[in-house]
Each structure stands twice: as C-alpha cells, then as structure tokens.
Amino acid sequence: MELRTARLVLRPVTEGDVDVMLVVRNAPAVIGTTTTKEPLPRERMAGQVERRVRTWREREFGSWLILSDGEPIGFVEVHPIGAGSGVGPDELELGVVLHPGHWGRGIALEAGAAVARDLFDRVGRERVYAEVEEMNDKSLRLLAKVPGVRHLGGDLYELDRAALASLP
C-alpha cells in the first residue's frame, strides 16, 4: 500500500526504517522542536517502529515513511492519542517529522493531508488530532494553513473531514 501526492510517495513504516527515521528525528533542528530537546536513542526508536508496524498488522493503519524522488525525507506518525489528551484515548494523533533540509516547501502539509485523507476515506475516521507545543512555531504555522483546524485548548488541535476538504 502507498499514498501518492504531486511530489511524494508515502509507504507504511517497516522495521528496516529505524535508522533512516532516527536520522530525521535526531537532526539538531528537529530535536529543538521536541518536548525532551534530546536525541532519541536507537533502542527507543526501534521500539516505536515495532509498535507502529504492529498497528499496521492489527488495525490496517499506522505511520508512513515520506519519500521524495525515492529518498526518505521524513515520516508521518499515526497512533492512538492515549489517555490524558482531553479526547478519547483511541482517537488518532497525526504528526509529521520532516528532515530540516526539506522544511519550508509545503511537504509537511502535503504529506500530513494525504495521510489524514486516508484516515478519513479508507479507515473511516471523522477527525484526527495533533498535539503541538506552543513554542513549536513551524508546526503551528502549518496548522494555520488549514482552514477549519480547531484549537481545543492547551496543545491539542482537531482536524475533521470538512477542514481537510478545503485543501487542494
């Protein structure tokens, strides 16, 4: 299974993607956007990837690797948001992690919108969520480009079918 946009191919994350995802996640500029402000250890990324692959097997959705001209440049995380978010723990959170060399070109929005469409159309979800810290200016600017994204308070944002339909 893969998703295609004008510039990108997205495919489900596999166990073999740990190292490339780690390169993206641990780029210094990306680390600056994280809660911990620390590099992610390989073992922890391997555990995250293992859970994402299992989600694909069990639920037929999950995280995606973003490819541009066949080269991995980032990933779109999709996972249950969990308890304490302010919405049901089985609601889905979507987040895009893109290598800084590709920032500022609309790729994060293009990839995130493709995955959200898949979650709405194929998986049957009515909404997805993003948790974005108020200091993460780049992600907040991206959310501001999607008319209809609702700020639910704190770090929580909601995107529904109608909001996504406003994008080309």
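Values below: all heavy atoms of this structure, side chains included; hydrogens, waters and symmetry mates excluded. Just so you know, these numbers come straight off a predicted model, no measurement behind them.
Ion pairing of D118 with R122 is present here, as a side-chain N (NZ or NE/NH1/NH2) and a carboxylate O approach within less than 4.0 Å. Salt bridge status for R52 with D17: absent, with no side-chain N to carboxylate O gap under 4.0 Å. Checked for salt-bridge contact, R161 and D121 meet the test: a charged N lies under 4.0 Å from a carboxylate O. Looking at R150 and E158, a side-chain N of the basic residue comes within less than 4.0 Å of a carboxylate O on the acidic one, giving a salt bridge.
Taking every heavy atom of both residues into account, A83 and P89 meet most closely at N-CB, 3.8 Å. The two residues L98 and A108 have their closest heavy-atom pair at CD2-N, 3.9 Å. Listed here is the closest heavy atom pair of A163 and V146: O-CG1, 3.9 Å. Of all the heavy atoms in W64 and E2, the pair that sits closest is CZ3-CA, 4.1 Å. When every heavy atom of F61 is checked against every heavy atom of R125, the shortest pair comes out as CZ-NH2, 4.4 Å. Pairing each heavy atom of A116 with each of L94, the nearest pair is N-CD1, 3.8 Å.
Counting heavy atoms from C-beta on, the side chains of E15 and E50 never come closer than 4.5 Å. Two residues are said to be in side-chain contact when any heavy atoms from C-beta on lie closer than 4.5 Å; K138 and W103 meet this criterion. In this structure the side chain of S63 never reaches within 4.5 angstrom of the side chain of R51, judged on heavy atoms. Side-chain contact between P12 and W56: present, with at least one pair of heavy atoms (C-beta onward) separated by less than 4.5 Å. Proximity of R54 to R59: side-chain heavy atoms (C-beta onward) are nowhere separated by under 4.5 Å. Counting heavy atoms from C-beta outward, Y157 and E93 have side chains that stay 4.5 Å or more apart.
Clustering ILVMFWY residues whenever any of their side-chain heavy atoms sit less than 4.5 angstrom apart, transitively, puts I73 in a cluster other than the one holding I31. V97 and V23 are assigned to two separate hydrophobic clusters, defined by single-linkage of ILVMFWY side chains at heavy-atom distances under 4.5 Å.
One finds the CG atom of L119 at 13.0 Å from the CZ atom of R127 (value rounded to the nearest 0.5 Å). Rounding to the nearest 0.5 Å gives a distance of 9.0 Å between CD of E110 and OG of S68. Summarising the geometry, atom CE belonging to M21 is positioned 7.0 Å from atom CG belonging to L65; distances are rounded to the nearest 0.5 Å. Going from atom CG of L8 over to atom CD1 of I107 covers 6.0 Å, rounded to the nearest 0.5 Å.
Remark: of the listed residues V20, V24, I66, D19, V20 is the sole one forming a side-chain contact (heavy atoms from CB on, under 4.5 Å) with P72.
A donor-acceptor contact shorter than 3.5 Å is absent between the side chain of H79 and the backbone of G82. Under a 3.5 Å cut-off, the side chain of N26 and the backbone N or O of P39 do not form any donor-acceptor pair. Between the side chain of T33 and the backbone N or O of V30 there is at least one donor-acceptor pair closer than 3.5 Å. Distance alone, capped at 3.5 Å, places no donor-acceptor pair between the D69 side chain and the E71 backbone.
The hydrophobic cluster containing Y129 also includes I81, V87, L152, L156, under a criterion of side-chain heavy atoms closer than 4.5 Å among ILVMFWY residues, counted directly or through chains of members.
Considering only residues two or more places apart in sequence or on other chains, T36 meets the side-chain contact (heavy atoms from CB on, under 4.5 Å) condition with R25, T34, E38.
Side-chain contact check for E91 and S85: no donor-acceptor pair (N or O, by modelled atom type) lies under 3.5 Å.
The number of heavy atoms from other shown groups lying within 6.0 Å of CZ (R4) does not exceed 12. Within 6.0 Å of the CZ atom in R44, the count of heavy atoms belonging to other residues, nucleotides or ligands does not exceed 12. Surrounding CD of E60 are at most 12 heavy atoms belonging to other residues, nucleotides or ligands under 6.0 Å away.
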(request) Dump the intermediate steps for side-chain contact (heavy atoms from CB on, under 4.5 Å) on V96 and F75, then the final yes or no. (result) CA-CA 6 Å; V96 180; F75 51 97; over 6 Å; no

(request) In sequence, state the C-alpha distance, the side-chain angles, and the governing distance for L10 and V115, and then conclude on side-chain contact (heavy atoms from CB on, under 4.5 Å). (result) CA-CA 8 Å; L10 294 93; V115 171; 3.8 Å; yes

(request) Go through the steps to decide whether E126 and D160 satisfy the test side-chain contact (heavy atoms from CB on, under 4.5 Å), and finish with yes or no. (result) CA-CA 6 Å; E126 293 299 319; D160 62 18; over 6 Å; no

(request) Output, in order, the C-alpha distance, side-chain angles, deciding distance and verdict of side-chain contact (heavy atoms from CB on, under 4.5 Å) for V132 and L140. (result) CA-CA 7 Å; V132 180; L140 292 173; 3.6 Å; yes

